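Quantities reported herein were computed from a predicted structural model and do not represent experimental measurements. Within every chain, numbering begins at 1; the chains are lettered A, B, ... in the order of the sequence lines, protein sequences first and strands thereafter.
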Amino acid sequence: MRISKLFGKTQREIPAEADTISHQLLLKAGMMHQVAAGIYSYLPLAWRVLKKIENIIREEMDKAGGQELMMPVLQPVELWQETGRDKAFGKGLFTLSDRREHTLVLGPTHEEVITQLVRHNVQSYRDLPLLLYQIQTKFRDEPRPRGGLVRVREFLMKDLYSFDADEEGLDQSYKKMLQAYQNIYRRCGLSNLLVEADSGAIGGKDSHEFMVITGTGEDEVIYCPSCGYSANTEKAESSKDNLPDEELLPLEEVDTPSMFTIEEVSNFLKVSPSHTLKAVFYIADGELVFVVIRGDIEVNEVKLKNVLHCSEIRLAIEAEVIEAGIVAGSASPIGISGVKIIADESIISGANFIAGANKANTHVKNVNHPRDFGVDIMADIALARAGEECPKCRAKLSSMRGIEVGHVFKLGTVFSEKLGAFYIDVDGTSSPIVMGCYGIGLGRLMAAAIEQNHDDKGIIWPLPIAPYQIYLCPLHLENHQVEATAENLYTELGSNSLEVLFDDRKQSPGVKFNDADLLGIPIRVTISPRTLEKGSVEIKLRSEKEARLLPLTRITTVLEKLITDYLST
RNA sequence: CGGGGUGUAGCGCAGACAGGUAGCGCGCAUGGUUUGGGACCAUGAGGUCGGAGGUUCAAAUCCUCUCACCCCGACCA
């Protein structure tokens, strides 16, 4: 490709709206253009990168036994009502009406459609296992698009679905996909981390995420440097300090004038926050719930949501708490009725806690569970934090930020049961098909690749996903020898299937070098009167500082070898 | 949806407090001189000042409403 003809221009200045590196560089390099919040056009360079990523994914999916197909974006809302996921996705679902006033949704994912499809094509265990996938545009009306391509409302995603006769089959499919995913990230030049995750609105039990560690990612990962345990904060577990057992003392009311927060109360009564019980109120699907947790620990709302099996959860406002007959600021689980009480396991160890008295300006000392109050659900609903103990090996946990570039779930039979996808086994019995699903966001992967591979000059594309492999950079094009050599080399490299971006512009060297660096093409080949005097051209890798001269006669073979060697590793 | 911020030429910004014919840099066009890390000179094109309404002799500027976008939180590939 000749740069003089390429659609898309590099900018000198970065558009003000961008503040993540990948967003800034993609805009500065003229690779994409924003159409609306979370909606972008991809210009030729970005599109080439996406297609390369797509091909790598396709190759790995096919290698793992996947079969590619294509499902529709437009889906009848009834299909979503059948599984109840119209509610689970809620406002995240783009909906529209057709001319007959029939409601359709723009597919955010395709479990429903594929399960229905498989139901019509699978009757026997002989038809299983199956791995089906597509690479297609998804629509999600995100509450807040952000970070350029990190979170958008319309995006390319590869989604594969596995169908097996039983759990063991699912485990095998799952394992195959984990391996395929590792291959994909490695080939895209990304180092990633596999972490345990919550399964969210998709549903299911086991779930893992692939995180690219970036420092500016939108997800927080808790991990153990000692044993390798790692999980999304939404899911992460940790051992809190266990408090010593004490002899249970009798309840005692104490005055706590104008004390509302844990901090105020614990300072006033001179006890550590870990010796207090915090009351937090949530509205879960419209119902008020009373959450009791140790004063020094935060509630993990995702865990809470899962424990309650509800689809929407938010903090209650003060008026809602008061309406339920509870004294905000001095709320107590003792003697409460008519409200569901959820307690975190942290209140099991230790004794004689400070809690509210359900009376203004008053708290109660020596509160103990289960002596003084009962709970409806006791579960781990605590937020894990760096510095706490690893649940597996007791070492100190750390945390880091990352971008989620892949997510896999063991769905089990949730969808097959709801949508009637059953098969007949060897013994003639009918069972629901056991499913898994496996997603990768392509645009996000491209953004993550930039986050992980750039310097102050611009992008440093890993060769397998670079829009072009070679930046052919002649200087002094008015010099006929330079021009002729460059043209010949461009033709020659192209006819050897090398991908060349030819900077045929009559620009100063500075402009060309800066664009080459910004666009991040892995290999730069410079031709100038100076190199031609020695019968040479200059080769410089984007990832390295030093350039070297190569005889003109050997250039094509050297470049070919360089590239094939890299791609075959 | 809650909190914060920004809308003036393709991009980055000034002008607004104190109303009076819309400016700068980059980019773009033409001509010339340049060329190993974003060259220089000359000339030129390009703007409903996000939108609507109001105040005023006069509004980018003051007032009201509205829309869009960005950032922080609830959500996700």
- Query: Is the backbone of A:Leu288 close enough, under 3.5 Å, to the side chain of A:Lys340 for a donor and an acceptor to pair up by distance?
  - Reply: no
- Residue set satisfying ring pair (Phe, Tyr, Trp, His ring centres under 6.0 Å) with A:Tyr471, at least two apart, ordered chain then number -> none
- Message: What is the separation between atom CZ on A:Arg505 and atom C1' on B:U35, rounded to the nearest whole Å?
- Response: 14 Å
What protein N or O atoms touch nucleotides 1-6 of chain B N or O atoms at under 3.5 angstrom, if any, and at what distances?
none

- Item | Spacing of the P atoms in B:U34 and B:C40 (rounded, Å) | 15 Å
- Using the closest heavy atom to pick a nucleotide of RNA chain B for each, name whichever of A:Gly38 or A:Ser528 lands nearer the 5' end. A:Ser528
- Message: Please give the distance between the P atoms of B:G2 and B:C49 as a whole number of Å.
- Response: 30 Å
- Query: Within the side chain of A:His23, is there an N or O that forms a donor-acceptor pair under 3.5 Å with the backbone of A:Thr20?
  - Reply: no
- Message: Please compare A:Gly147 and A:Glu142 by the position of their nearest nucleotide in RNA chain B and report the one closer to 5'.
- Response: A:Gly147
- Does A:Arg548 come within less than 4.0 Å of A:Glu538, counting only side-chain N to carboxylate O? no
- Message: Could you measure the distance from the OG1 atom of A:Thr109 to the CD atom of A:Gln75? Nearest 0.5 Å is fine.
- Response: 8.5 Å
- Gap separating the CG atom of A:Leu6 from the CG atom of A:Leu43, nearest 0.5 angstrom: 8.5 Å
